[in-house]
Amino acid sequence: MERYDPHEIEARWQAVWAAERIFEVPNPRPGEDTSRLMYVLEMLPYPSGELHMGHVKNYTMGDVVTLYRRRNGYRVMHPMGYDAFGLPAENAAIRSGKHPAVSTRENIDAIRVQMKRMGWSIDWTRELSTSEPDYYRWTQWIFLRLFDAGLAYRKNAAVKWCPNDLTVLANEQVIDGHCERCGALVESKNLEQWFFKITDYAQRLLDDLAGVRWPERVVTMQRNWIGRSEGAQVVFRAQHDPAIELPVFTTRPDTLFGATFFVIAPEHPLALELARGTEHEAEVADYVRRTGALSAVERAGEKQKTGVFTGRHVVNPVNDEGIPVWVADYVLMEYGTGAIMAVPAHDERDFEFARTYDLPVRRVVVPRDGEAGDDAAYTAHSEHEVLVNSGAFDGLAADEGKRAVIEWLRSEGRGEGRVAFRLRDWLLSRQRYWGCPIPIVHCDGCGVVPVPDDQLPVVLPEVEDYAPRGRSPLAAAEDWVNVACPRCGGPGRRETDTMDTFVDSSWYFLRYADPHNANAPFDRAIVDMWLPVDQYIGGIEHAILHLMYARFFTKALYDLGYVGFTEPFADLFTQGMIHYKGAKMSKSKGNIIRPDEFIERYGADTTRLYTLFLGPPDQDAEWQDGGVAGQHRFLARLWRLVNETVDRHGSGIERSAPADGAGGDLVRKAHRTIEKVTGDIGQRFSFNTAQSAVHELVSEIHEAEAASGQQLRFACAIAVSLIHPYAPHIACELWQRLGGERLWDEPWPQADASLLVADTVTYAVQVNGKLRGQVDVAVGAEKEAVLAAARAVPNVAAHIDGAAVVKEIVVPGRLVNLVVREG
RNA sequence: GCCCGGGUGGCGGAGUUGGUAGACGCGGCCGACUUAAAAUCGGCUUCUCCGAUACGGAGAGCGUGAGUUCGAGUCUCACCCCGGGCACCA
């Protein structure tokens, strides 16, 4: 018998699949049945290098689902593309010294070869790359539709700036005050930038999380990121000039009577103005300057809160009391109104500040029964707390008080109920070269002018020097920048910033459905047929960024009538990372496992098997060098068994076999394995245990020497059929050797329910909960018969001897527990 | 600080509605085949103890401590450790 030679088999079958075009899934034609369409999608890779093991795990998972669903009668779209614009690709290009367009294309070519070698069932006719003009033309088109709708706009704002990558960043790309990509400490800058008005969608982004089947932790992370708070906006006015309004947002309107001072952020536009003319003017100016130079991390890291008095007071609208206005950097300009009423008795931060500057503390909420101490803020506010020192509101429970105060403020025109979100608008412009050009022309006369649709795409110009300099490298391409204003024909200048890469990836899943459309990004009827994506699979690192942006785009496109659904991804599976030598694989740590080396050594099938055998797919897993050999041994054993079976007993695909004679147990095991694997792949996404089940079946085939040829051929066919989604090459080969053809078209095997149980079942017998023996009983035996058999087990008899059995528990098919009391 | 995951043999892990903890794989030990090695095949492999005749039996054991239950890895409470998210968000 020839040895298992994965390379020969894999190359041959990949050629067959390509020739038969079995991965190509065309869109249904009018009138065709669309009830069994399914869209399986994995997050597309950045072509900043070759694929790593994380990709292999991700795409193999998607492939298992795809192959499994296809054999269950679904028409599955399984596309692939490249998130080719952006910092990763550009930085890789800078490192290699090649132009990003060149290095990106080279990387894509290399990745495509790797993907084909893995045998993933990707429909290559739908392949796309976000850096190609026929794709980004439509990214620009969508940008313009959002611009028309007022959802893309320019504003001058304090923005996050990465001093290393020399570009602005979105809030979502700042982790702990550091750049998400390079780790540099992020600075704050005042710049005019482009934003998407994602905040308009905050409530819907929150509400619609209820309708998706996503991992709970991802939903929670998005909820936290959106950060909805209910409260009130309350208008305070300057005591020296009631025309100056200073609104605050508070979640605790019930504590308004406890406000003993007022704080505004150093960046607040009124900070300097308020202090003007007071003896504190110079001090305030100095403080604003000093804190402005600090990063958010430095501010938050300060041991003690700092601030200065402005010399001014504001009037508390509930009691007309004047309270001092301070400037302090513990108040953030970006949230709420940039100003707060300080209630030290009931807010930890205000309390700390009041202690530092010796400001008064006035308690207005007390526990209904019991005392609140004086050495900390008392922050509870439920039905168990009551208001005091609060005028007409005294005696109300805190939660009622909140409503009552809001109602009073509203009726007096001094405030109103308000909801605040943590979510900020998405800053989309970048001062980098390798990105999608923003299709806008600036004209002295007309202002910001969109490039007309018929002039798209605005092609990214070739420039020699694309290194980041803090302003877009595109600005240097004078010929490109200087252009006639599309509106008035006068001199105009193109927008030179490019788009954040996340814009490109916020709609790619739509383009796959209609990838060659030259007249529109996609046809609505076609995307509505395929989407939302039935199963999306990708890394947890995109829990907020990509997944939030894609949801926003989908909702905006829905509102504009371009798609008929509001959520892009119905089901999401987030995979864990693969670690190696105790750390996540990274080039800098030098603990990379290159997939190519494994394919070279063991073949694609073994590599596919092992990445899914590591552990539960949603959890991080440790790569073990030796583990791969086990999967290879398994395939070699399967190979040998099938070939031996055919040699000894002849070929022929058996779709059933009698569960009697010497091989009866084997046949039953095959049915149980179908049941187990089907549930594990189809329902549980438990890819590791599905494999274990096939291992067990193969071991039993190996041991079932006395089984009939039909029984052996049946068991082999089931093993081969079940392992096909994991190891399609060897499975197709062995299926053919067994006498079949086109395993990929073979319906998924069905377990015969009557064969899932054996004639007898082994009961565990416990005495007082301790295992004392086992006994085989006929399936379906009466409770009394089971008990009698259990009592007859010698070791059990010894343990109940001389004691009174006070309780008998029989769990059908599982165990007996005899409860005895010592006699 | 708040919110999620997770903690089970030497290792990765299984244990799906509370019902025989350790499936499957790695590693290790012993044996077969071989001049030898590799490959392959067979056996053993949670710990401690007892008795060793097939191998049997006793006790302990799933981060710690309580609890509910005939019975807890699984449920409840309190706590410890690891990983992740959010965090001066008013």
Side-chain angles (χ1 to χ4, degrees), chain A residues 3 175-176 215-225 227-229 231 248-252 255 263 265 296 299-302 305 328-332 334-343 346-350 352-353 420-424 540-541 543-544 576-577 579 609-610 613-616 618-631 633-634 636-637 640 676 679-680 683-684 686 688-696 698-699 702 762-774 794-795 798 806-820:
Chain A
R3 279 172 62 101
I175 311 291
D176 256 345
E216 193 50 46
R217 62 175 166 156
V218 176
V219 170
T220 305
M221 280 164 77
Q222 293 222 348
R223 272 207 191 102
N224 291 343
W225 189 262
R228 182 182 196 276
S229 301
V248 300
F249 173 75
T250 177
T251 53
R252 295 293 306 281
T255 63
V263 188
R299 284 192 191 186
E302 282 173 349
K305 298 207 185 318
D329 68 358
Y330 81 92
V331 171
L332 309 174
E334 311 92 79
Y335 186 74
T337 62
I340 61 155
M341 62 169 199
V343 184
H346 306 293
D347 181 278
E348 283 165 17
R349 298 151 299 183
D350 297 344
E352 197 187 317
F353 193 80
F421 293 96
R422 215 193 71 110
L423 183 71
R424 312 284 149 74
I540 184 76
E541 67 273 18
I544 293 171
M577 275 182 305
H579 291 200
L609 276 174
Y610 185 59
F613 192 68
L614 281 169
D618 58 333
Q619 281 169 32
D620 290 354
E622 175 75 17
W623 181 275
Q624 296 199 314
D625 289 319
V628 187
Q631 303 310 304
R633 269 198 283 275
F634 161 70
R637 192 177 312 137
R640 209 170 44 244
K676 170 78 175 155
D680 281 358
Q683 264 97 61
R684 297 206 308 149
S686 183
N688 51 334
T689 54
Q691 272 188 62
S692 297
V694 182
H695 285 180
E696 285 184 48
V698 170
S699 293
H702 178 68
T762 303
Y763 277 76
V765 184
Q766 298 179 336
V767 177
N768 284 351
K770 284 202 192 304
L771 184 68
R772 295 301 177 193
Q774 299 182 341
N795 194 41
V806 297
K807 199 164 185 179
E808 294 167 328
I809 288 139
V810 178
V811 183
R814 289 202 165 268
L815 67 63
V816 172
N817 188 13
L818 302 173
V819 184
V820 302

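Hydrogens, waters and symmetry mates are skipped; everything else that's a heavy atom, side chains included, is used. Throughout, protein chains are lettered first and strands after them, A, B, ... in sequence-line order, and every chain is numbered starting at 1.
- Comparing B/C2 with B/U68, their P atoms are spaced 29 Å from each other, to the whole Å.
- For B/G9, the base is syn relative to its sugar; the glycosidic angle is within 90° of 0.
- Considering only side-chain N and O atoms, A/Arg217 lies nowhere under 4.0 angstrom from the phosphate OP1 or OP2 of B/G83.
- Between atom CD1 of residue A/Ile544 and atom CD1 of residue A/Ile175 there is a gap of 7.5 Å, rounded to the nearest 0.5 Å.
- When all heavy atoms of A/Met341 and A/Val248 are compared, the pair lying nearest together is N-CG1, 3.7 Å.
- Rounding to the nearest 0.5 Å gives a distance of 13.0 Å between CZ of A/Arg228 and CG of A/Leu423.
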Worksheet item: What is the per-nucleotide protein-contact pattern of nucleotides 17-28 of chain B, from the 5' end, where B denotes a base atom under 4.0 Å from a protein heavy atom, S denotes such proximity for sugar-phosphate atoms only, and - denotes neither?
Response: --BB--BBBSS-
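- The partner of B/C33, taking Watson-Crick or G-U wobble pairs whose two distances both stay under 3.5 Å, does not exist in any strand shown.
- The side chain of A/Arg422 lies closest to B/A87 when the candidates are B/A87, B/G85, B/A90.
- Ring pair A/Tyr610/A/Trp623 is perpendicular by interplanar angle, where above 60° counts as perpendicular and below 30° as parallel.
- Following rounding to the nearest Å, A/Ile175 (CD1) and B/G83 (C1') show an atom-to-atom distance of 16 Å.
- Under the Watson-Crick or G-U wobble criterion, with both distances below 3.5 Å, B/C49 is paired with B/G57.
- Whole-Å rounding puts the A/Leu332 CG to B/C86 P distance at 16 Å.
- B/A72 sits 31 Å from B/G85 when the C1' atoms are compared, rounded to a whole Å.
- The aromatic rings of A/Phe249 and A/Tyr335 stand perpendicular to each other, their planes meeting at an angle above 60°, with 30° marking the opposite boundary.
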Please list, pair by pair, any protein nitrogen or oxygen found under 3.5 Å from a nitrogen or oxygen in nucleotides 59-63 of chain B.
unit_1	atom_1	unit_2	atom_2	d
B/G59	OP1	A/Arg772	NH2	3.3
B/G59	OP2	A/Arg772	NH1	2.9
B/A60	OP2	A/Lys770	NZ	3.3

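- Pairing partner, B/G5: B/C82, with both Watson-Crick or wobble hydrogen-bond distances short of 3.5 Å.
- In this structure, the OH atom of A/Tyr330 is 16 Å from the C1' atom of B/A87, given to the nearest Å.
- Considering every non-hydrogen atom in both A/Arg422 and A/Asn224, the closest pair reads NE-O, 3.6 Å.
- Spacing between atom CE of A/Met577 and atom P of B/G83 amounts to 12 Å, rounded to whole angstrom units.
- Side-chain N or O atoms of A/Gln691 include one that pairs as donor or acceptor with a backbone N or O of A/Leu609 at under 3.5 Å.
- Pair assignment for B/A23 gives none, since no Watson-Crick or G-U wobble pairing has each distance under 3.5 Å.
- Between A/Arg640 and B/C41, a side-chain N or O to OP1/OP2 separation shorter than 4.0 Å is present.
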Fill in: Footprint string (nucleotides 48-54 of chain B, 5' to 3'): B base within contact, S backbone only, - free, heavy atoms under 4.0 Å
-------
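- Candidate nucleotides B/G85, B/U16, B/C70 were compared by shortest atom distance to the side chain of A/Lys676, and B/U16 ranks first.
- When heavy atoms are screened at a 4.0 angstrom cut-off, A/His702 is found touching the sugar-phosphate backbone but no base atom.
- The CD atom of A/Glu622 sits 14 Å away from the P atom of B/G83 (whole-angstrom rounding).
- Between A/Leu818 and A/Val816, the shortest heavy-atom contact is CD2-CG1, 4.0 Å.
- Closest approach of A/Leu614 and A/Glu622 over heavy atoms only: CD2-O, 3.4 Å.
- When all heavy atoms of A/Ala328 and A/Val263 are compared, the pair lying nearest together is CB-CG1, 3.5 Å.
- Across A/Ala764 and A/Leu771, no two heavy atoms sit closer than the pair CB-CD1, 3.7 Å.
- Place A/Thr337 and A/Asn224 on RNA chain B by their nearest nucleotides, and A/Asn224 ends up nearer the 5' end.
- Put simply, the side chain of A/Asn768 gets close to the backbone of A/Val820: a donor and an acceptor are under 3.5 Å apart.
- Regarding A/Glu348, its CD atom lies at a distance of 17 Å from the P atom of B/A87, rounded to whole Å.
- Side-chain atoms of A/Tyr763 come within 3.5 Å of backbone N or O of A/Gly813 as a donor-acceptor pair.
- Considering CZ of A/Phe613 and CG of A/Asn688, their distance stands at 7.5 Å, rounded to 0.5 Å.
- With both ends at atom C1', the span from B/C82 to B/C77 equals 22 Å, rounded to whole Å.
- Computed from coordinates, the A/Leu609 CG to B/G13 C1' distance equals 16 Å when rounded to whole Å.
- Residue A/Val331 is classed as a base contact, given a heavy-atom separation below 4.0 Å to a base.
- Taking the P atom of each, B/C4 and B/C47 are spaced 38 Å apart, rounded to whole Å.
- B/A36 sits 29 Å from B/G25 when the P atoms are compared, rounded to a whole Å.
- Regarding A/Asp620, its CG atom lies at a distance of 14 Å from the C1' atom of B/G85, rounded to whole Å.
- Rounded to whole Å, the separation between the P atoms of B/G6 and B/G22 comes to 22 Å.
- Between B/C79 and B/G43, the distance separating the two C1' atoms is 45 Å to the nearest Å.
- Note on A/Pro616: only backbone sugar-phosphate atoms sit closer than 4.0 angstrom, heavy atoms only; bases stay farther off.
- Contact annotation for A/Asn795: backbone-only contact, meaning every heavy-atom pair under 4.0 Å involves sugar-phosphate atoms and none involves a base.
- If you take atom C1' in B/A66 and the same atom in B/G59, they sit 23 Å apart, rounded to whole Å.
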